[in-house]
Amino acid sequence: MQKTCLPRSFYARDTLDVARDLIGKVLVRVGPEGRVAGRVVEVEAYIGQDDPACHAARGRTARNAVMFGPPGFSYVYFIYGMYFCLNVVTEREGFAAAVLIRAAEPTEGESIMRRRSPKLQPARLLSGPGRLCRSMAITREHNGLDLRGDALYFEDHSAEPSRVVQTPRIGIRQGRRRLWRFCDPDSKALSRPVSTISKTGE
DNA sequence: AACACGATCTACT
DNA sequence: GTAGATCGTGTTG
């Protein structure tokens, strides 16, 4: 049963639409130890120069260069001296925007991920951007990858969430007014529970 | 060349 | 709840 990865056109859209539509998609990582995957349940949008929390808010640098590139590529950065975070680049080339993948529910390769994060409960293996990258062995080597390649991509399993809620983004100091964190509130794998905020969808 | 800090997580009180 | 880990990056001198 071979599923196909999301096409370039999926990412070449308004970032908030891409973020919303990524909930329920399946992130697949094929590494030397095998194939691992998870159903995405939490993401955040970071959009261009007008978003003070976006890494590209102050223009192009060596680190954020891939955000200015074409959509459908990975943007992986190193944070707090020990963690990596995975984003997908959106919108047109030249416009810096991306969606941070914050949490997913393990669907494949759980034993491989448990070896990488032995202290975590199974439901927490991909619960948080740092834990997700550690359990999926995503590092700086995966920055700038084409998400239609063999190592890292998203599949559509038609597992649409029944609800999606929007909340403020986590861990930022500026831009908290924007409700650009998207979650499946029925998931037990969220990095943090959904506080009572506004909703979108059904 | 030096410095402050970050889209985090864990352990501990 | 709060502190500590740990280092690349961007900014300042």
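Here the structure is a predicted model, which means the values were calculated and not measured. So that the names make sense, note that chain A is the first sequence line, chain B the second, and so on, each numbered from 1.
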Side chains of Glu105(A) and Ser187(A), donor plus acceptor under 3.5 Å: yes

Pair Ser117(A)-Arg134(A), side-chain donor/acceptor within less than 3.5 Å: yes

For the student: nearest non-hydrogen atoms of Leu152(A) and Leu86(A), plus distance: CD2-CD1, 3.9 Å

For Pro193(A) against Arg181(A), the heavy-atom pair lying closest together: O-NH1, 4.2 Å

Rounded distance in Å between the P positions of dA3(C) and dC5(B): 16 Å

Take the protein atom [atom1] of [X] and the nucleotide atom [atom2] of [N], then report the distance between them rounded to whole Å.
X	N	atom1	atom2	value
Ile172(A)	dG6(B)	CD1	P	12 Å
Met82(A)	dC5(B)	CE	P	18 Å
Asn87(A)	dA7(B)	CG	P	11 Å
Arg58(A)	dC5(B)	CZ	P	12 Å
Glu44(A)	dG6(B)	CD	P	15 Å
Arg60(A)	dG10(C)	CZ	P	12 Å
Arg176(A)	dG6(B)	CZ	P	11 Å
Tyr83(A)	dC9(B)	OH	C1'	3 Å

Phe78(A) and Phe84(A) aromatic ring geometry - parallel, tilted or perpendicular at 30°/60° bounds: tilted

Any-strand Watson-Crick or G-U partner of dG1(C), both distances under 3.5 Å: dC12(B)

Opposite nucleotide pairing with dA7(B), Watson-Crick or G-U, both atom distances under 3.5 Å: none

Euclidean distance, His157(A) NE2 relative to Arg39(A) CZ, rounded to 0.5 Å: 11.5 Å

Backbone N/O of Glu44(A) and side chain of Arg169(A): donor-acceptor pair under 3.5 Å: no

Single-linkage hydrophobic cluster Phe68(A)~Val18(A), side-chain heavy atoms < 4.5 angstrom: no

Ring-face cation of Arg148(A) near Tyr11(A) (centre distance under 6.0 Å, axis angle within 45°): no

Members of residues 66-78 of chain A that approach DNA chain C, where some heavy atom sits under 4.0 Å away: Phe78(A)

Residue-level proximity of residues 101-135 of chain A to DNA chain C when a heavy atom falls under 4.0 Å: none

Among dG10(C), dG8(C), dA7(B), the one nearest Arg140(A) by side-chain distance: dG8(C)

Touch class at under 4.0 angstrom, heavy-atom based, for Leu100(A) against every strand present: base

Sugar-phosphate only, base, or nothing, as touched by Arg63(A) at under 4.0 Å among non-hydrogen atoms: sugar-phosphate

